[in-house]
Amino acid sequence: MTTTDSTPPLDFIRSIIAEDLKKNKNDGRVHTRFPPEPNGYLHIGHAKAICLNFGIAAENKGGVCNLRFDDTNPSKEDIEYVESIKEDVRWLGFNWGDRLFYASDYFEQLYQYAVQLIKAGKAYVCDLNAQQIREYRGTLTEPGKDSPYRSRSVEENLDLFERMRAGEFEDGSHVLRAKIDMASPNLNMRDPVIYRILHAEHHRTGNKWCIYPMYDFAHCLSDSVEGITHSICTLEFENNRELYDWFLNELNVESHPQQIEFARLNLSYTVLSKRKLLELVEEGYVSGWDDPRMLTISGLRRRGYTPESIRNFCERIGVAKRDSMVDIALLEHTIREDLNQRAPRVMAVLDPLRVVIDNYPEDQVEEMDAINNPEDPSMGSRKVPFSRVLYIEREDFREDPPKKFFRLAPGREVRLRYAYFITCVGVVKDEQTGEVIELHCTYDPETRGGDSPDGRKVRGTLHWVSAAHSLKAEVRLYDRLFVKANPTAEKDGPDFKTYLNPNSLEILTSCRVEPSLAGAAPGNRYQFERRGYFCVDSVYSSDDALVLNRTVSLRDSWAKIEKTQKKKK
RNA sequence: UGCCCCGUGGUGUAACGGCAGCACACCUGACUCUGGCUCAGGUAAUCGAGGUUCGAGUCCUUGCGGGGCAGCCA
């Protein structure tokens with residue numbers, strides 16, 4: 001096949017938009033919006049929506065994307081959330097320019113739309129309480145019945161609605177409802193509530209209002225007011241689309257956006273619903289919204305993820321209508337891929353084992369040349385001090401090495417990266433516990449820099465630090481938050497928190513890192529050679545106490561070999 | 001049980017009605033001063049049954065399976 005054009009295939013939403021553009025629908029405009037409710041922190045699922053909406057705007061000439069806060073329920077919302085959302089969207093690399101909006105900006109306008117609906121005989125004030133409304137709504141299989149207040153006169157409705165606004169009534173005593181069809185097979189169309197009384201202080205409008213519009217009413221009209229062309233939302237709003245269109249048709253607005261639904265993101269071994277995340281925060285299972293184990297944007301940021309890696313992830317998972325569960329391994333892949341290119345390499349020993357080089361001069365210190373990033377020569381090199389007493393990783397020594405173990409063992413020679421070949425000549429153990437507490441080795445002075453002039457090869461290369469020169473550090477290792485791929489799978493199963501991974505956080509307090517990490521700033525990212533990617537924690541780390549988070553481990557084929565070896569036994 | 005939506009390798013996603021592709025994961029091998037990276041290769045999929053058609057993952061019918069909807073939440 002001859003490929004004349006190499007444009008990547010479009011997802012179904014971008015295809016719709018491309019078609020619209022071809023037909024010059026909306027005068028060729030593309031205008032999207034990202035409309036979070038400020039009632040929690042953004043997570044990786046929101047990142048998908050953000051990348052979609054801002055991405056589509058950016059891909060199309062003249063396209064723009066609004067940031068709009070859907071703040072119609074003051075009882076759940078807070079200014080803390082709007083600030084964090086703005087920060088997160090910005091951090092992800094998107095810019096809403098001067099297009100920052102709030103549904104609360106439109107409260108007066110929305111009220112007038114409601115009045116218009118009443119005047120058209122398409123809305124009425126209902127005095128039924130919540131319980132009664134539910135009963136009158138009918139069920140999935142049975143039609144509902146009309147509210148006794150459905151036939152109030154326009155005048156009476158106008159009067160009542162005005163008094164609702166004026167604060168004459170208590171919460172719950174009246175609602176404004178759209179007059180549609182109590183027998184509709186779509187429950188959303190059975191005279192939905194569009195305004196409720198809520199004597200609550202709003203984070204932006206204060207006490208100006210005591211009635212607030214419902215989502216279905218506010219959202220379509222906010223979209224319309226802003227001139228949105230494509231209103232992209234998640235699948236659970238599919239049944240709301242009929243209502244979305246109903247309001248815009250009845251009110252005869254000039255701008256009628258098209259609602260398009262896509263499947264929200266599910267990720268294995270975690271939960272991604274605001275309610276559940278909030279539960280984890282409030283009940284203390286994690287340290288906060290930005291706990292590095294949380295798949296919130298702020299958690300991922302603190303964990304060491306880059307915006308690029310997250311955007312890349314969102315691009316690769318695609319957009320479709322099918323319910324799916326993305327493998328967390330793909331997220332881990334995208335951050336490894338990014339950090340492999342940009343993270344400076346450094347040597348750090350997480351679980352130190354003391355090594356004495358018996359034939360190395362007591363007071364000698366050599367500065368070894370180490371490459372900062374083999375993937376990027378422009379990052380140069382640095383000096384790493386080498387001396388007689390070193391630390392290596394405890395797991396890099398086995399007194400009785402299994403098959404295919406290429407690291408240090410009694411009598412075996414390995415390379416210390418950028419330094420010398422060493423051979424293990426002695427093992428010192430704790431007399432009580434039998435634990436190995438120190439190794440004695442000899443080095444071959446001819447192998448300085450890591451190569452042997454006689455062409456001798458070694459199978460293993462270990463990372464190390466000089467005991468006297470290394471810095472102490474605390475390292476936090478994170479594992480998946482849940483032990484089950486889908487902790488919420490069973491409908492009537494146990495609470496999702498029963499599947500919490502008890503070992504999702506491991507704190508190592510006696511780590512040793514090479515001296516070049518002195519003064520490392522919060523947020524700095526490194527590759528600890530042979531261990532993984534780490535970043536300086538933005539909360540706990542300080543000048544005199546380094547704390548690093550493991551973003552993700554390196555791929556570890558030895559761990560796989562060892563695992564299959566154990567299985568065979 | 002009413003209405004709406006969705007079924008393509010293990011996972012995610014492509015394929016004007018015309019050779020089922022890509023990525024992750026997994027398994028080999030090569031290379032390597034990171035058991036990393038890179039490179040080469042491999043295993044593996046159209047939910048079932050009918051129908052339309054020269055030809056169906058794609059269109060139609062139907063069955064099965066999954067998800068959503070009965071907030072004065074969004």
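Residue numbers begin at 1 in each chain, while the letters A, B, ... track the order of the sequences.
A salt bridge links Lys383(A) with Asp369(A): the distance from a Lys NZ or Arg NE/NH1/NH2 to an Asp or Glu carboxylate oxygen falls below 4.0 Å. In this structure, Lys321(A) pairs ionically with Glu238(A), as a charged nitrogen and a carboxylate oxygen lie closer than 4.0 Å.
Contact annotation: Thr461(A) does not reach the phosphate of U32(B) (side-chain N/O to OP1 or OP2, under 4.0 Å). At U34(B), none of the side-chain N or O atoms of Arg531(A) fall inside 4.0 Å of OP1 or OP2 (strictly under the cut-off). Phosphate proximity of G71(B) to Arg137(A): present, with a side-chain N or O under 4.0 Å from OP1 or OP2.
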Problem - Under 4.0 Å protein heavy-atom contacts per nucleotide of nucleotides 20-28 of chain B, with B for base, S for backbone only and - for none - result: ---SSSSS-
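U43(B) and G29(B) have their P atoms separated by 16 Å, given to the nearest Å.
The side chain of Leu554(A) has U34(B) as its nearest neighbour among G35(B), U34(B), C72(B). For Ala320(A), taking side-chain heavy atoms from C-beta onward, the closest of the listed nucleotides C69(B), U13(B), U34(B) is U13(B). In this structure, of A74(B), G12(B), G36(B), it is A74(B) that holds the atom nearest to the side chain of Asp70(A). Among G36(B), A74(B), C73(B), the nucleotide with an atom closest to any side-chain atom of Phe237(A) is A74(B).
At a cut-off of 3.5 angstrom, counting only N and O atoms as typed in the model, there is a donor on one side and an acceptor on the other between the side-chain of Glu375(A) and the base of G36(B). Put simply, the side chain of Glu142(A) and the base of U1(B) share no donor and acceptor less than 3.5 Å apart.
Nearer the 5' end of RNA chain B, as judged by each residue's closest nucleotide, is the contact made by Leu187(A), out of Leu187(A) and His219(A).
Separation of atoms CD1 (Ile371(A)) and CE (Met379(A)) is listed at 12.0 Å; rounding is to 0.5 Å.
Residue Leu198(A) forms a side chain to side chain contact (heavy atoms under 4.5 Å, CB included) with just one option from Ile211(A), Thr72(A), Asn73(A), and that option is Asn73(A). Each of Arg459(A), Arg456(A), Arg407(A) was compared with Glu413(A) under the salt bridge (charged side-chain N to carboxylate O under 4.0 Å, His left out) criterion, and only Arg456(A) meets it.
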Extract from the structure each pairing of a protein N or O with an N or O of nucleotides 41-43 of chain B at less than 3.5 Å, listing the distance.
none

Using atom names, set out every protein N or O paired with an N or O of nucleotides 3-7 of chain B below 3.5 Å, distance rounded to 0.1 Å.
residue: C5(B); atom: O4'; partner: Glu238(A); partner atom: OE2; Å: 3.3
residue: C5(B); atom: O2'; partner: Glu238(A); partner atom: OE2; Å: 3.0

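Ring geometry for Tyr111(A) against Trp209(A) counts as tilted: the plane angle lies between 30° and 60°, on a 0 to 90° scale.
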Handout entry: Canonical and wobble pairing (Watson-Crick, G-U, under 3.5 Å) of RNA chain B, dot-bracket with |
Key = .((((((..((((....[..)))).(((((.......)))))....(((((..]....))))))))))).....
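Within a heavy-atom distance below 4.0 Å of RNA chain B, the residues of residues 163-179 of chain A found are Gly172(A), Val175(A).
Stacking between Trp558(A) and G35(B) is present: the aromatic ring centre lies within less than 5.5 angstrom of the base six-membered ring centre, and the two planes differ by under 30 degrees.
G71(B) has its base syn relative to the sugar, with a glycosidic angle deviating from 0 by at most 90°.
With sequence neighbours left out, the side-chain hydrogen bond (donor to acceptor under 3.5 Å, both in side chains) criterion links Arg417(A) to Glu529(A).
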